[in-house]
There are 2 protein chains.
Amino acid sequence: MIRLDRRDIIQTLLIVRSTPVQVSGGDLQRLRQQNTLNSLRVLREARAPLTLTELVAQTGLSRASVGDVVAELQQRGWIAEVDPTPGTLGRPAKRYRFRTDVGHVLGIDIGVHKVLAVVTDLAGRVIASGRVAVDRHTARHERLEAVWRAIDAALVAAGRAASDLWGVTAGSTGVVNREGLVTRVHDLPDWAGVELAGHLGQRLPCPITIENDSKLAALAEQRLGVAAGVQDLVYLHVGRRPGAALILNGRLHHGFSGATGEVGLMEVTGWRTMAGHLEGCRAAVGASPEEAARLVFDAARAGDREAQAAVDTYAHHLALGTAAMVLTLDPELVVLGGGFSRSADVLLPALNRALEPHCVRVPDIRPSTLGEECVALGGACLALDDVDERLFSLEGAILDPAAPQGVS
Amino acid sequence: MIRLDRRDIIQTLLIVRSTPVQVSGGDLQRLRQQNTLNSLRVLREARAPLTLTELVAQTGLSRASVGDVVAELQQRGWIAEVDPTPGTLGRPAKRYRFRTDVGHVLGIDIGVHKVLAVVTDLAGRVIASGRVAVDRHTARHERLEAVWRAIDAALVAAGRAASDLWGVTAGSTGVVNREGLVTRVHDLPDWAGVELAGHLGQRLPCPITIENDSKLAALAEQRLGVAAGVQDLVYLHVGRRPGAALILNGRLHHGFSGATGEVGLMEVTGWRTMAGHLEGCRAAVGASPEEAARLVFDAARAGDREAQAAVDTYAHHLALGTAAMVLTLDPELVVLGGGFSRSADVLLPALNRALEPHCVRVPDIRPSTLGEECVALGGACLALDDVDERLFSLEGAILDPAAPQGVS
DNA sequence: GTGAATATCTATGGAGCCTGTAATAAAGGG
DNA sequence: CCCTTTATTACAGGCTCCATAGATATTCAC
């Protein structure tokens, strides 16, 4: 993850405070700015366009002030007037809505088999996407070329230019450190050390964040998927090489060097070799490694005893690493994502049974509801988080939607 | 973790919240309140008393406004004037300091062998403490009685009454859930299910929080001890029954049911029985279980091969559980606390060696610098955090130090 | 000891923002 | 066409902040 913000550590005589000093009072114009941003936020989070009266109720300001604020927001282009709804008693009130189309963000999934770029508006709605197929043997420069093709396709389909983007987040396999550098990769031999942020920055004039793909998938599930609103969760990527990502206290946990959720590196868990139990099954004979697992899950579902035993063995090993994380973190929820989660109807009960003996309280386990776009969507979520922070912080407030890139 | 505040409950019954959305702008008086709190915070976190000019520089307000604000704060009793420092050029400026003595908090450690209560001022300085010895066989009501004796002793020594307390946090062994109930205890047979918050609330008219003891120790290390300022850390309680607590993103991680850091429950780690490797040593023959470990560490330090092997075995098991947490969370630091940490000179290198093969990056490991008061100190820290939140949030701002319990 | 230099404090005027109230405008129903 | 209901507009009043200028207190140089 890039964008290292080093908060000052304020020391009192004895105590190191957890909350840094933030100056947020001040000028009268500051107050107006705060009220403006507050109104904008209320409008942004409302499901439907709001009338001034509704806005008055929700912001606590007087009608006159809200009127002023709304006029300024409209003039600056942040909000738009909507046709008043007829059929109400009395004089119909003007309605205003947040203009979700004044800015866009880009989420990119740079995977082993595909590159996917999605363009969303400020509400997180997907406007368009671009997809380019690659494979394990695609060289680094070709993969980077594919990234640009996917981005261009998505932008063209969305009818937008790179200058319309307010933020970009790309997800990559491998460990991504605080500086946005990909430090360790298993799947792609020449991918380690790639300078993604710098590369993308050559043509994308906005803040760029690089993050691990599983982490972005976890974020997507927490924002848009099956874990909506859950504060503490473990995202389990189940596939040939399982992995994990954590949402703690509602935020993505990045770790000191980016290497979180790597419990599978411990030999006792058997995560490195556990897929072999599935591939060695009779039900998988002759199939490619990618297809083997699905065949075995299908066979297990159909009642094949050997396949069921293989699934149980796989689940047993998966449970070892999962239990370590669950016992450490006591999350509310475990989300099953990744390729094998499509066979969650077979895998989930097996995992539940295997976790039982280890855990004090087996958390709720749910299969992912997002498809293979989850990483790109999570990238868009993270970029939108960043936009939000810039937009609603008084310090770096974006006053004019025309030039949002000007951070701080 | 609980926050018992009867006034809160009454208000909730009476007041129907009109605005679900959090409002933070608003009135002109609100702006003044914000500026006042801001100035108070700057004064509170300054190392030395400040002049008006310095305050002007740090708050960004004009001299006139700061003058007003300071006059009000002084009149309300939050700050005090200090004798001007002579020897400066020009007219000497008045200096003001935050009055750390207007409020106090209480941190309580309800342990197996002792009950310790510390009274601190608002800067976290320990004013007085009270200590009562108990043991494993002390019955529940006797232990609760001991808690009151420790509290009373600390209050008497501090020259304060219960009504002077702005917050109380008690640390207890066992798992403490979100409601503040002690749900699972190993050491004390009749302690599970004790209603600590309700019990303490009978005579302490302020917000009361109950938390697990290791968690409070971790917090103390992050605020006052060896981990000052570290955002992500694993606190390892090494003793006959090892445990762990986590600070993530600068905050105590409580977990969904409070059972975090329980990786030792997995049989493969061997945490439940690993102390036996030390106690079985020749160096420990005849010693009580409490003393055995220290004797073995001493022998290992002196060169006893058998003792060194026992320490290595202990460290090997400790490393298994620690590696699971480190690989999961990728913390910046691991803090060694608990009884055995006094022999950190022997244990720490052994643990480091044992972690090496498991971890990608072995985090920094440091022994605790706080003594056995760490749990009570951590309690005071948590209570102070809560005071801070009430003090500096606009919603529940404490306007008058005379009656701080009245939140909002 | 006296005056210059420096920095703080005190007081006043002006501007901006929010609030509340009264008057005006716009729709639907009878 | 008039009445009811609701939204908008206009204006006075109060509060807070800022800028400026003059008064005050201390140190330093001679």
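Chain A is the first sequence line, chain B the second, and so forth, proteins listed ahead of strands; every chain is numbered from 1.
Atom CD in B:Q34 sits about 13 Å away from atom P in C:dC18, given to the nearest Å. Atom NZ of B:K94 is separated from atom P of D:dT24 by 14 Å (rounded to the nearest Å). In this structure, CD of B:Q33 is placed 17 Å from C1' of D:dC17, rounded to the nearest angstrom. Rounded to an integer number of Å, the gap from A:Q29 CD to C:dC18 P is 11 Å. Rounded to whole Å, atom C1' of D:dC18 lies 15 Å from atom CZ of A:R30. Distance A:E54 CD to D:dT8 P: 11 Å, rounded to the nearest Å. Residue A:E72 contributes atom CD, which lies 12 Å from atom C1' of C:dC17 at whole-angstrom precision. Across the protein-nucleic acid pair, A:L28 atom CG and C:dT19 atom C1' stand 14 Å apart, rounded to whole Å.
When atom types are taken as modelled, the side chain of B:D232 and the backbone of B:N249 share a donor-acceptor pair closer than 3.5 angstrom.
Annotation: of the two residues near DNA chain C, B:R91 and A:R32, the 5′-most nearest-nucleotide partner is B:R91. Across the interface with DNA chain C, nearest-nucleotide mapping of B:G90 and A:R63 shows B:G90 to be the residue nearer the 5′ end.
A salt bridge links B:R76 with B:E72: at least one charged nitrogen is closer than 4.0 Å to a carboxylate oxygen.
With values rounded to the nearest 0.5 angstrom, A:I127 atom CD1 is found 8.0 Å from A:D101 atom CG. The CZ atom of A:R95 sits 13.5 Å away from the CD1 atom of A:I79 when rounded to the nearest 0.5 Å.
Minimum atom distance to the side chain of A:A64 is reached by C:dG20, of the listed D:dT9, C:dG20, C:dA27. The A:S62 side chain lies nearest to C:dT19 when the options are C:dT19, D:dC15, C:dG16. Across C:dG16, D:dT27, D:dA7, the shortest atom-to-atom separation from the side chain of B:L89 is found for D:dT27. The side chain of A:T53 has D:dA7 as its nearest neighbour among D:dA7, C:dA27, D:dT16.
Of the options A:V66, A:L61, A:L50, a side chain to side chain contact (heavy atoms under 4.5 Å, CB included) to A:V56 is made by A:V66 and by none of the others.
At C:dC18, one or more side-chain N or O atoms of A:N35 fall inside 4.0 Å of OP1 or OP2 (strictly under the cut-off).
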